[in-house]
Amino acid sequence: MVPRRSNRWVGPVVVAALVLLVGVAVFTGGKGGGGSDSKTTTTRASGSEGAPEPTGRMPITYAEAEAQGRVDEFDWGGRCDTETGRLKLPSIYAPPCVPVFEGDNGGATYQGVTEDTIKIVRYVPQENANLQALIASFGVRDTAEQVKETFDGYLEIYQSLFETYGRRVEVVDFQGSGQADDEVASRADAVEIAEEIKPFAVLGAPALDRGVFAQELARRKIVCIGCGTALPESVIQDNQPYIWVTGQTPDQFLELLYVWLREVDRRGPELGVDTEKAIFAGDERFHDRKRKVGVIHFEQDPPIFTELAERETGRSRRDIALRETYLFDLATMPDRATELIAKMKSQEITTIVFIGDPIMPTYLTQAATKQEYFPEWVIVGGVLVDTNVMGRVYDQKQWRHAFGLSLLPAKTPRELTPAWRVWEWWFGKEKTPPPAQGTFQLVANEPAQLLLGIHMAGPDLTPDTFARGLFRVPPTGGGPTAPQISYGDWGFFPQRDFAGIDDATVIWWDPDAEGENELGVKGKGMWRYADEGRRFTTKKPIAPILFEREGTRTIFEELPAGDRPRDYPRPARTG
C-alpha cells in the first residue's frame with residue numbers, strides 16, 4: 001500500500017516555481033559525435049571532450065551513420081528530417097534521429113522497466129499556503145488540474161515522437177509527506193518510492209532538504225531528474241549518474257561569473273572602463289571608491305555550501321569583504337534582510353552580490369531604501385531573480401543599479417518559446433495556450449529530458465545507458481533566445497556535466513523600459529540584454545558595456561535567424 005500517492009497535483013507552483021519558472025525546454029539535438037571515452041560514471045578526464053561511443057545496442061544517430069557512409073543501412077522513418085539529422089519537431093532542440101526500432105527490446109532491463117512500460121514517479125510537493133499565495137500575487141495562478149493536464153500533454157508529444165523501443169511511460173504521482181525542508185519526511189518518501197513503487201526514475205524533489213531525497217534515491221540506484229538545482233556539484237558527482245539538473249549547479253554559474261569577471265578585467269582598459277570602481281552604485285560617493293564586495297547567498301540548515309564558498313572565495317580575483325547567508329523562511333526573511341543590509345551599510349560595502357531565491361531581494365531592496373543605502377547590486381544566475389516578473393516587484397530605487405548574469409533565454413513573446421511552439425504544433429491553435437500558462441515551460445522540461453535519455457539509450461534501458469545517451473547529444477543552442485544545452489564531457493565545466501545549460505548572458509535593469517513580462521503582463525521595468533543578447537560560455541567569454549541602451553534588447557519580437565526552428569506539417573494524431 002502507498003498511502004501518499006495522489007492523482008492530485010498539490011501546490012503545483014509552490015516549490016517548482018522557485019526552482020525554474022521560466023525554463024528552457026531541455027530536449028536537444030543536432031549533428032555531431034565522436035570521442036572515445038568509454039566510461040559513464042567518472043569525472044571527466046583531460047582530453048576526453050566529446051561524445052562517448054555507443055555501447056551495446058545503443059542506437060547510431062543519423063549524423064554518425066552519415067559520417068560512416070551507412071545511412072542506407074537503416075530505416076529512419078517518416079519522423080526524421082534527413083537534411084538536419086533531427087526529428088521533425090519545430091524546435092532547435094529537436095533530438096537526433098535514430099533508426100526505427102524493431103525486434104526484442106530486452107524486456108525487464110532494469111527496475112521499473114518491462115517489455116511494455118517504463119515506470120516513473122512524479123513527485124508532488126506538499127502545499128505551503130503562504131508561499132503559494134505569495135507566488136499568486138506575482139501573477140502565477142495555475143491550478144493543480146492545469147499543471148497536470150499540461151504535463152500529460154507534453155508527455156504525449158515527446159513519447160509519440162521520440163523512440164521508446166516499444167515501451168510507454170507509466171506515471172505514478174506521489175504526494176510528498178512533509179514541507180520542502182523536512183529531511184526526515186524526504187528520506188521516508190524516497191524509501192517508500194524505492195521499496196513500494198520501484199520506478200526507473202523520479203521527476204522532481206523537495207527543494208530545501210539538503211539533497212536528502214535525491215541522495216537516498218541515488219543510493220538505491222534510481223534516476224532523479226530536476227533534483228540537484230540547490231545542491232553543490234560535489235553531491236551530484238558523488239552520486240552520478242543518478243542526480244540531474246535542468247539548469248546549472250551553483251558551481252557552474254560561479255565558473256561563468258569568474259570567466260566574465262576575468263574578461264571584464266582584461267578588456268577594461270581597452271573599453272575605457274575602470275573596473276575597480278563602483279561606478280554603477282546609487283550612492284555617488286561610491287563612484288570614486290574601489291569596489292568593496294559583500295556577498296549574500298542562500299543557505300540551508302545545516303549548511304551545505306560552506307566548502308563551495310571557501311573554495312570559490314579563494315578563486316575569486318576580488319576580495320570579498322563580507323559574506324552573509326540566509327535561510328528560505330518566509331517568517332524570518334524580512335527581519336533577516338534588515339539585519340543583512342545594516343551590516344552591509346555599516347561596513348560601507350559598495351557592491352552586493354546576491355545568489356539566491358527570487359523572494360529575498362524584495363525584502364533586501366526595501367530595507368536598503370529604508371536605511372538610505374544605495375550600493376551596486378550584482379545577480380549571479382539567481383533563480384527567477386533575472387525575470388521581469390520579479391524585477392518589477394523589487395524596490396526600483398535600488399534595482400535601477402542591478403546588473404549581472406542570466407541563464408534564461410532573452411525574452412520573446414511567449415508564443416515564440418520552444419515549449420509553446422511545440423504545444424501549438426501538436427495540439428493546434430484551438431487548444432493553445434497550454435493550460436498552465438504561468439508554468440508551462442517549467443512543466444515541459446523534465447518529461448522532455450526523460451524522453452530524450454530514453455530515446456538515446458536504446459532498448460537496454462538502465463541508468464548508465466540513459467546517462468550515456470544524454471552525453472552523446474551534441475551541444476545545441478547558444479543564440480540569444482536559445483541557451484546552449486549539453487550533458488557530459490563537452491569541456492565547458494571542469495567536471496562531467498549533469499546539468500543542462502552551458503552559457504549565460506549579461507543583463508542590466510532598466511526601470512523605464514516598457515513591455516510585457518514573462519506572464520504577458522504589460523508594465524514598466526525590463527531587463528536589458530547587453531550586446532544584443534549574445535551568450536557566452538567558459539570557452540568564449542564576453543565583456544559588453546553596461547547601462548548604455550545602444551546595442552541592447554529588452555525583447556526579441558522575432559527569433560534571431562540562428563534560433564529559428566524549421567516548420568513541419570502538423571502530425572496526424574490518434575486518440
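The structure displayed is predicted, hence computed values, not measured ones.
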Check this for me: does any side-chain nitrogen of one of [X] and [Y] sit under 4.0 Å from a carboxylate oxygen of the other?
| X | Y | value |
| --- | --- | --- |
| R553 | E532 | yes |
| D81 | R86 | no |
| E64 | R472 | yes |
| R414 | E518 | no |
| K429 | E424 | yes |

Please determine, by modelled atom types, if [X] and [Y] share a side-chain donor-acceptor pair under 3.5 angstrom.
| X | Y | answer |
| --- | --- | --- |
| T481 | D563 | yes |
| S406 | D386 | yes |
| E299 | T325 | no |
| T246 | N445 | no |

Would Y529 and T552 count as a side chain to side chain contact (heavy atoms under 4.5 Å, CB included) if you check the C-alpha gap in whole Å, the side-chain angles of each, and the deciding distance to 0.1 Å? CA-CA 5 Å; Y529 302 95; T552 68; 6.0 Å; no

Contact between [X] and [Y] at the side-chain level, heavy atoms closer than 4.5 Å - yes or no?
| X | Y | result |
| --- | --- | --- |
| V378 | F354 | no |
| Y487 | P241 | no |
| L87 | H455 | yes |
| M456 | L470 | no |
| V473 | L452 | yes |
| I355 | L254 | yes |
| I341 | Y373 | yes |
| K524 | N388 | no |

Given 3.5 Å as the limit, does a donor-acceptor pair link the side chain of Q252 with the main chain of T249, or not?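 Between the backbone of T249 and the side chain of Q252 there is a qualifying donor-acceptor contact (under 3.5 Å).
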
Any side-chain to backbone donor/acceptor pair from R291 onto T275? Under 3.5 Å, distance only.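 Such a contact is found between R291 side chain and T275 backbone.
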
Tell me whether the guanidinium CZ or amine NZ of R566 lies under 6.0 angstrom from the six-membered ring centre of Y568 and within 45° of its axis.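 Not flagged: R566 not positioned over aromatic ring of Y568.
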
Does the cation-pi check pass for K539 over F492, that is, NZ or CZ under 6.0 Å from the six-membered ring centre and within 45° of its axis? yes

Please work out which of the three classes, parallel, tilted or perpendicular, describes the rings of F498 and F471, given edges at 30° and 60°.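 Judged by the thresholds at 30° and 60°, the geometry between F471 and F498 is perpendicular.
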
Parallel, tilted or perpendicular: rings of W508 and F547 (30°, 60°): tilted

If we check ring pair (Phe, Tyr, Trp, His ring centres under 6.0 Å) with F440, which of these qualifies: Y154, W420, F151? W420

What's the verdict on salt bridge (charged side-chain N to carboxylate O under 4.0 Å, His left out) for E514 and R392, showing C-alpha distance, side-chain angles and the deciding distance? CA-CA 11 Å; E514 297 183 1; R392 292 176 185 176; over 6 Å; no

For P435, check side chain to side chain contact (heavy atoms under 4.5 Å, CB included) against everything at least two apart and list the hits. Q146, E149, T150, W423

Hey, mind stepping through W490 and E49 against side chain to side chain contact (heavy atoms under 4.5 Å, CB included) and telling me if it holds? CA-CA 5 Å; W490 297 95; E49 294 179 13; 6.0 Å; no

Could you go through D510 and R549, starting from their C-alpha distance and side-chain angles, then the distance that decides it, and tell me whether this counts as salt bridge (charged side-chain N to carboxylate O under 4.0 Å, His left out)? CA-CA 9 Å; D510 183 347; R549 291 189 175 187; 2.9 Å; yes

Report yes if the distance between the aromatic ring centroids of F403 and F280 is under 6.0 Å, otherwise no.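 Yes - the distance between ring centres of F403 and F280 falls below the 6.0 Å cut-off.
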
May I have the step-by-step check of side chain to side chain contact (heavy atoms under 4.5 Å, CB included) for L405 and I379, ending in yes or no? CA-CA 6 Å; L405 302 184; I379 66 166; over 6 Å; no

List the steps, then state whether side chain to side chain contact (heavy atoms under 4.5 Å, CB included) holds for V380 with W260. CA-CA 11 Å; V380 187; W260 173 50; over 6 Å; no

